[in-house]
Amino acid sequence: MIAFLIRRVLFAIVLVVFAASAALVLTRLAPGDVTSQLGPGATQAEIAATRARFALDRGPLAQWLSWAGRAARFDLGESFLYNRPVSPLVRSAALNTAVLAIVALVTATVLGLSCGVVTGSRHDTFAALIKAASFVSISIPPLLASLLLAFVAARTGWLPVGGMSSVNASEMSWGTWLSDVAWHLPLPVLALALPLAATFERLQSQSLAEAFQQPFVLAAVARGVPRTELILRHAWRVSLRAICGVYGIAIGALLSGSFVVEYVTAWPGLGRLMYEALRARDIYLVAGCAAMGSFFLALGTLAGDLLLAVVDPRVREADAT
Amino acid sequence: MKRAGATLLVTVACVALLAPFLAPNPPERRFQNLLYAPPTRVYIRQGGFRAPYIYEWRMVSRLERSFRESRVRPVPLRWFSDGRFVTAEPDAGAPLLLLGADAYGRDVFARVVYGSRLSLALAAVAAMLALIVGAVIGAVAGYAGGRLDDLLSRVSEFVLVLPSMYVALALRAVMPLVLPPSTVFVMLALIFALFGWPIVARGVRAIIASERQREYTTAARAAGAGPIRVLRQLIPAARGYLTVQGSLLIPAFILAEATMSYVGLGFPDTTATWGTMLQDAANVTLIVDAPWILAPAVGIFAVVLAVNLIVQGTGRAPVQLEK
C-alpha cells in the first residue's frame, strides 16, 4: 500500500511539472505574445520593457529555467492580464472550480447511485421511467445541458443565469453572500451533474443486476434475509466496485466538463481563467492554471484509486505483493 | 434499441448528404429584414383544405425583434423545383424559414442541415485517424511485448489521464486565432486524433496480446511469416472492437468541435457548423427571445443519443466517460 502511494505521488509530481512546463513552452512558442495586449498605441520602449519584465526577451529554455526555479518555491510569476501575482489568482479560481466540481460530484453520486439501485433491483413502471430519463440525460453532455438549463432558468426566472454571485455582492453581509452564492450554484451544478449522474445510474444498475446473479445472494435469500437488507447489505456492497473503478475517469470528465459549464454560465473558475490567459498569451498565468488543473486531476485519480482499494480487498492484496 | 440508434444515425448522415436538396434556402443567404425572424408557419386551410402555403413575415419593430404575418397574400410552396425538396416562391419575398432566422437573417434550418456536413465529416475523419494510429500502436505494443510494450502503454496511459478538453484548447489556442476553414479542419482533426488514439490502442493491445498466444499465430510463424505478415492475420480479431470504439469517438468529437467553435477557437463564425451556430446562444436574452437558435443542439443530441442506443447492448461505458 505504501509503495503504491509513493508511486502515485511521484506520478502526480511528474504530471504537474510536465503539464505546467508544456503549457509554458507551448504558449511561448505560439505566434504573438503578451505585448499585443498593450494596444496599437504602445511605443517600442514600452513593448521592450514589457518583454523584459516577463522574460520574453530571453530564449524559451532560459525562460523555462528561471520560471521553474521560482515555481519550485511556489512563486508562479506575475500575470500581465490582471497585473497581479499568479498564485492568488489561480488559488481563488481553483477554489471556485473545486466548489462547483465537488458539489456536482456529490450530487451525481447520490442521485446516480440511488436511482441505479432502484432500476437495478426493480422491474416496474417507476424503474422504467428512471431508466428512460437517465438515457436521455446521458445524451445531453454539459455543453448542451448548460445551454438548456440557462434557457429554462431565463425563461421562468426561477434561477439566476450566469456568475457566481449578484452584482452587489461586495456590499452583502457574510450570511447573505453565502445564500447568494448558493442561489447561483444549482444551474452550473446540475448542468455538470446530470449527465454524470445518468452514467452512474447506468453503471450501478448493471452491476447490481450482475451482483444478483451471484450464488451468495441466492444463499442469503435461502437464509430468509429480508429484501431491503438483501439489496443494501449484500448485493449493493459488491456492486460498488464497478462504480469506484470509473471514479478516477469521472473526475477527469468532470474537469473537462467544468470548462464549458464555467464558460456558458460565467462561473469564475479555473477553466475560464485558463481560457482568458491562453487568448491573451499571458504565459505565466497559463502555466499556473495548468499546474493547478493537473494537481486537481492527480488528486482526483488518487482518490479514485484509494476508494477502489477501500471497497475491493483484491486491489489491496494485489498491490501488497 | 440498437436498430433505433442505427436508424437515427443513418438518418442524420442522409440529411448531411442531401443537404442541398433538403435546405429550402442557401445557407449563406442573408434576409436583411428577417433578423431573428421566428419559424414560418405553414397553413393548409383556407376555407377548405388546399395545398400548403405560407405568409410573409413583416418586421414590426427592429429593436424588439417582433414580427407579424402579413395576411394579404398567401405564398404557395413549390415542391421539387430547381433541385430543392420544398421552397417558397422565390420572387414572393417570403422565404420558407422552417426554424426561423439567425442574427444575420440566415435560414437556421438550412444552416443546421449544411452544418451537419462539416461537423460529421470532421468527426468521421478524426475518428478514422484515431482508429488507424491507435490500431497500429496497439498492435505493435501487443505483439512486441517487453520493453516496447511498456513504453507505449505508459505513453498512452499518460495521454488518457490528461483532461482532453483543456489540452485541445491549449493546442488550438497557441496557433494563430484566425485561419481559413480548411486549415482549421485539418488542425482540429489532428488534435482530436491525438486524444482518441490511446483508448483505441489500449483495447487493441489487449486483443492482440491474447491472440498472440493462439495456435494459429504459432502456425503462421512456423510457416515462416515475418512480424508484419503475422500482424495482418491478427488484426481482424480486433475488428468488432474497432467498430464500437469508432462509433463512440464520433459523438465525442462532434461535441469537441462544438465546444471549440462555441468558445471561438474552432471554425470561423461565417462557416456553418453546429458549434459556430451555437455561438449566438452565448447570449441568454437571445435564447429566450429566439429559442430556435438552439436547433444545432438538437442535432448534437440526436447523434449522441443514437450512438448511446447502439452501444447500450455491448456493455461498454457510455460516451460521457470515454472522452
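A, B, ... follow the sequence lines: proteins, then strands. Residue 1 opens every chain.
The two residues A:Arg281 and B:Met175 come nearest to each other via the heavy atoms NH2-O, 3.5 Å. Looking at every heavy atom in both residues, A:Leu278 comes nearest to B:Ala170 through CD1-CA, 3.7 Å. Across all non-hydrogen atoms, the minimal contact from B:Pro291 to A:Arg155 is CG-NH1, 4.1 Å. The two atoms that bring A:Phe135 and B:Leu309 nearest to each other are CE2-CD2, 3.5 Å, heavy atoms only. For the residue pair B:Asn308 and A:Ile138, the shortest heavy atom distance occurs at ND2-CG2, 3.1 Å.
One finds the CZ atom of B:Phe301 at 9.5 Å from the CG atom of A:Leu148 (value rounded to the nearest 0.5 Å). The CG atom of B:Leu265 lies 5.0 Å from the OH atom of A:Tyr275; values are rounded to the nearest 0.5 Å. The OH atom of B:Tyr166 sits 11.5 Å away from atom OG of A:Ser294, with the distance rounded to the nearest 0.5 Å.
Contact annotation: the side chain of B:Thr259 never approaches that of A:Tyr263 to less than 4.5 Å [non-hydrogen atoms, C-beta and beyond].
Counting heavy atoms of neighbouring residues, nucleotides and ligands inside a 6.0 Å radius, atom CH2 of A:Trp64 does not exceed 12 of them. At most 12 non-hydrogen atoms from other residues, nucleotides or ligands lie less than 6.0 angstrom from CZ of A:Phe18.
For A:Arg28, no part lies near chain B; criterion is any non-hydrogen pair under 4.5 Å. For a residue to count as touching a neighbouring chain, one of its non-hydrogen atoms must lie under 4.5 Å from one of that chain's; by this rule A:Ala23 does not touch chain B. At a 4.5 Å heavy-atom cutoff, the contact between B:Leu294 and chain A is made by side-chain atoms alone. No part of B:Ala168 comes within reach of chain A, as not one of its non-hydrogen atoms sits under 4.5 angstrom from that chain.
Comparing A:Val14, A:Leu29, A:Thr27, A:Leu143 by heavy-atom pairs within less than 4.5 Å of chain B, the highest count is held by A:Leu143. Listed options B:Leu171, B:Ile300, B:Val167 were ranked by heavy-atom pairs under 4.5 angstrom with chain A; first place goes to B:Ile300. For the options A:Val152, A:Val286, A:Leu254, A:Leu26, heavy-atom pairs under 4.5 Å to chain B are most numerous at A:Leu26.
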